[in-house]
Amino acid sequence: MTLRLGDTVPNFTQASSEGEIDFYTWAGDSWVILFSHPADYTPVCTTELGEVARLKSQFDKRNVKPIALSVDSVESHKGWIGDINETQKTTVNYPILADPDKKVSDLYDMIHPNASNTLTVRSVFIIDSDKKLRLTLTYPASTGRNFDELLRVIDSLQLTDNHSVATPVNWKDGGDCVIVPSLKDPEVLKEKFPKGYTEVKPYLRMTPQPNK
Ligand code: BEZ
């Protein structure tokens with residue numbers, strides 16, 4: 001199934017390192033970062049899953065629940081979690097879905113046959129609290145992901161959902177934003193952006209981050 005931005009993501013029930021998970025129930029009112037990795041007991045994946053555990057408080061702050069997935073079994077995940085904790089000096093504090101029957105991998109199109117017929121690629125899905133897909137990302141097996149970048153995107157999505165701004169190149173939380181081009185009424189602009197704005201071009205107007 002091809003999932004596109006704005007789609008409602010499909011529900012599933014699947015085993016995990018923390019017991020059986022009904023995805024919608026488990027997600028509740030939170031956002032979710034669902035990410036697949038090619039296999040347990042592999043070096044790059046070990047560093048990635050350790051980093052997500054270290055960043056858990058950052059995800060919590062944003063009301064985001066992490067959940068990982070590979071086509072390995074629950075037993076394999078449980079053994080590997082011991083290695084992640086030991087080598088990455090952390091404690092894995094989120095579930096890893098066990099998908100040996102490829103139910104979830106197929107549902108979310110995480111197996112790309114021309115990369116590997118059997119293993120999931122490094123997919124990322126950021127899903128909002130309405131179960132809408134907000135970001136997809138696909139990395140090759142050989143390249144570990146940058147989870148700081150994913151936090152940055154979540155910051156941008158949560159900001160731009162609530163204010164009439166978008167975030168420019170290389171924006172980070174606290175940086176100047178652009179005012180959405182559709183907003184033109186000077187009275188509305190004054191009301192929405194009391195800190196003011198700079199008009200570089202009629203379509204390029206910069207304003208301090210509204211919620212700071
Ligand atoms: C890794 O996580 O280290 C990895 C997994 C599959 C292929 C290459 C590297």
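It should be emphasised that the depicted structure is a prediction, and the values quoted were computed from it without experimental measurement. In what follows, every heavy atom counts, from backbone to side chain, and hydrogens, waters and symmetry copies are set aside. FYI, the numbering just counts along the sequence from 1. Counting convention: from 1, in listed order, for ligands and their atoms alike.
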Notebook entry, point to check: Between His37 and His77, how do the two ring planes meet: parallel, tilted or perpendicular, split at 30° and 60°?
Noted result: tilted

Check: Has ligand 1 got any nitrogen or oxygen that is less than 3.5 angstrom from a nitrogen or oxygen of Ser142?
Finding: no

Checklist line | For Arg62, the option from Asp161, Asp173, Asp155 that meets salt bridge (charged side-chain N to carboxylate O under 4.0 Å, His left out) | finding: Asp155

Margin query: With a 6.0 Å cut-off on the ring centroids, do Phe125 and Phe35 count as close?
Written below: no

Checklist line | Geometric N/O contact Ala141 with ligand 1, under 3.5 angstrom | finding: no

Check: Does the ring of Phe59 carry Lys65 above it, NZ/CZ under 6.0 angstrom from centre and within 45° of its axis?
Finding: no

Checklist line | Protein contact of atom 3 (O) of ligand 1 - nearest heavy atom, named by residue and atom, plus distance | finding: Val44 N, 2.6 Å

Notebook entry, point to check: Who's the nearest protein heavy-atom neighbour of atom 4 (C) of ligand 1, and how far?
Noted result: Arg122 NH2, 3.6 Å

